[in-house]
Amino acid sequence: MSQPTTQSTAGPLLKELLTLPPVRVLNDKSWLHDKLTKETAEMDFGGKYARFPVTLRRALGRGSRGDAGSLPGAVPEVIEDAKVYMKRHYYALEWSEAMEEASKNKAGAFEKVVTMKMKNVATDMAVELNRQWYNAANGALASTTNSASGLTHVIDDTQFVQIGDLIDIVAPDTGVAITNGTARSITAVDRTASTITLDAAGGNVDPAGTEIIVLNGNYGNEIEGLRAVAETDRDLYGIDSTTYENWNGKTLDAEGGVAGESLFERLYDKIGRRGAGDMDTYATTRGIRRRLADEFASQRRYLNEKATSPTAGYSMVEVNNQEVLIDDGAPRRHVFGFKRDVLKVLKMTDPGFIETEAGDGAKIELKNSVNGSGNATGGKDAVWQTWYRYHNTLVATDPSLVGKIYNAEDDADDE
């Protein structure tokens with residue numbers, strides 16, 4: 001009986017043929033970040049913070065009098081300094097010396113590992129800043145909602161948490177961590193049940209259901225984003241809007257319902273009624289915009305001749321002649337309305353790697369050895385490390401032109 005040579009019997013003679021390029025299966029879109037950095041004049045500055053004077057109340061020395069009446073006394077306008085502190089953002093990169101050598105040419109790898117890391121980190125930084133630019137005041141990734149001791153806990157939303165994240169579980173007002181709540185690694189995320197599981201090594205945690213989850217060390221160090229700017233009765237840039245109501249943002253509660261055309265129009269009018277002009281941008285999630293388009297479709301309404309196509313559904317949705325734009329980085333259940341030219345990007349550095357003191361390139365150094373591995377104290381591991389940085393912040397020079405609809409019906413995280 002003949003015995004043909006097959007791939008199984010002669011397998012050792014064959015090479016593994018891999019011809020497809022590396023693939024990055026991540027959503028790298030960062031609409032708000034990209035839009036503002038392209039359209040807004042970035043402002044360079046040095047120092048501890050930026051300040052700008054804000055007129056918060058008109059001069060009130062007014063009055064109407066009869067013949068020979070007493071003239072009104074002067075009540076000057078109120079001008080306060082807004083102070084915006086710089087935020088410092090970093091990405092750490094590490095790779096082994098052996099991996100660098102093995103990937104130096106095409107015979108060893110599809111792409112040099114160092115080239116790949118340095119290329120991807122700029123995208124990763126943009127996505128992270130896009131999240132922060134929508135931030136609430138404390139930079140929460142999510143909030144705890146259950147009170148029970150253990151490693152698996154229910155949170156309000158899993159949109160911004162990932163397996164491998166190193167997090168702190170802290171009080172929202174103070175940033176004080178709960179017992180065993182510092183530097184915990186997320187080992188599992190169940191987006192259907194809206195739960196996270198923490199590493200066992202750190203021990204059980206027992207939240208009260210009122211805490212927030214932040215990236216390790218980030219509490220108080222992230223940008224005050226659009227959710228914070230759009231709030232009312234809060235301190236923003238050192239000015240208290242409970243004292244000066246014109247410093248308030250604009251908010252509307254959808255109360256768990258669909259954010260329909262009427263709610264969008266109310267936000268537009270609320271901003272225009274008190275703000276110095278009208279808003280020009282709506283930004284929201286896919287789920288909220290689709291529900292708005294469904295409302296128009298159910299009424300057989302076509303607000304723009306470009307909005308429909310004979311081969312597809314809506315290609316654009318408008319309210320008050322303003323297109324409703326999708327940003328996959330926008331927080332779920334929210335709609336944001338704002339005038340783009342009041343949002344400014346302040347930067348102390350350009351995005352790039354921390355450089356050597358001589359300024360001749362990225363500072364790349366061997367990692368200090370922490371657990372020995374046969375090295376004496378103060379030794380080095382055969383691991384290279386460097387840091388990508390971008391010192392910047394986002395500022396709204398007129399918060400009255402920023403608003404939000406919150407608590408709107410939206411797609412679940414696993415849809």
Carefully, step by step, assess K87 and N221 under the rule side-chain contact (heavy atoms from CB on, under 4.5 Å).
CA-CA 6 Å; K87 303 297 183 180; N221 294 317; 5.5 Å; no
Verify, without hydrogens or angle tests, whether N392 (side chain) and T349 (backbone) share a donor-acceptor contact under 3.5 angstrom.
no
Any donor-acceptor pair under 3.5 Å from Y244 side chain to I239 backbone
no
T285 and D410: CA distance, side-chain angles, deciding distance, side-chain hydrogen bond (donor to acceptor under 3.5 Å, both in side chains) verdict:
CA-CA 8 Å; T285 65; D410 203 349; 2.8 Å; yes
Using modelled atom types and a 3.5 Å cut-off, is there a donor and acceptor pairing between side-chain atoms of D327 and backbone atoms of L32?
yes
Does T386 use its side chain to pair, donor to acceptor, with the backbone of K363 at less than 3.5 Å?
yes
Please tell me if the side chains of Y388 and D124 come closer than 4.5 Å, counting only heavy atoms from C-beta onward.
no
Contacts of E77 that satisfy salt bridge (Lys or Arg N to Asp or Glu O under 4.0 Å) - sequence neighbours left out
none
Applying salt bridge (Lys or Arg N to Asp or Glu O under 4.0 Å), name anything that partners D328, two or more places apart in sequence or on another chain.
K29, R286
Contacts table for residues 136-145: side-chain donor-acceptor under 3.5 angstrom, sequence neighbours left out:
| unit_1 | atom_1 | unit_2 | atom_2 | d |
| --- | --- | --- | --- | --- |
| N138 | OD1 | A140 | N | 3.4 |
| T144 | OG1 | T210 | N | 3.4 |
| T144 | OG1 | E211 | N | 3.1 |
| T144 | OG1 | E211 | O | 3.4 |
| T144 | OG1 | E211 | OE1 | 2.8 |
| T145 | OG1 | V154 | O | 3.3 |

When you compare the side chain of D411 with that of R291, does any pair of heavy atoms fall below 4.5 Å?
yes
Side-chain polar contacts of residues 160-172 - donor-acceptor pairs under 3.5 angstrom, sequence neighbours left out - could you list them?
| unit_1 | atom_1 | unit_2 | atom_2 | d |
| --- | --- | --- | --- | --- |
| D165 | OD2 | Q162 | N | 2.9 |
| D168 | OD1 | A183 | N | 2.8 |
| D168 | OD1 | N216 | ND2 | 2.8 |
| D168 | OD2 | N216 | ND2 | 3.3 |
| D168 | OD2 | G217 | N | 2.9 |

H391/Y90 aromatic ring centres below 6.0 Å
yes
Going by the rule salt bridge (Lys or Arg N to Asp or Glu O under 4.0 Å), which residues pair with D199 if we only count those two or more places apart in sequence or in a different chain?
R184
For the residue pair W247 and Y237, does the interplanar ring angle fall in the parallel (under 30°), tilted (30 to 60°) or perpendicular (over 60°) class?
perpendicular
Donor-acceptor pair, T197 side chain versus L151 backbone, under 3.5 Å?
no
Would you say the side chain of F52 lies within less than 4.5 Å of the side chain of V395, judging by non-hydrogen atoms?
yes
R131 meets the salt bridge (Lys or Arg N to Asp or Glu O under 4.0 Å) criterion, sequence neighbours left out, with E128, E222
Student check: side-chain heavy atoms of N180 and N204 closer than 4.5 Å:
no
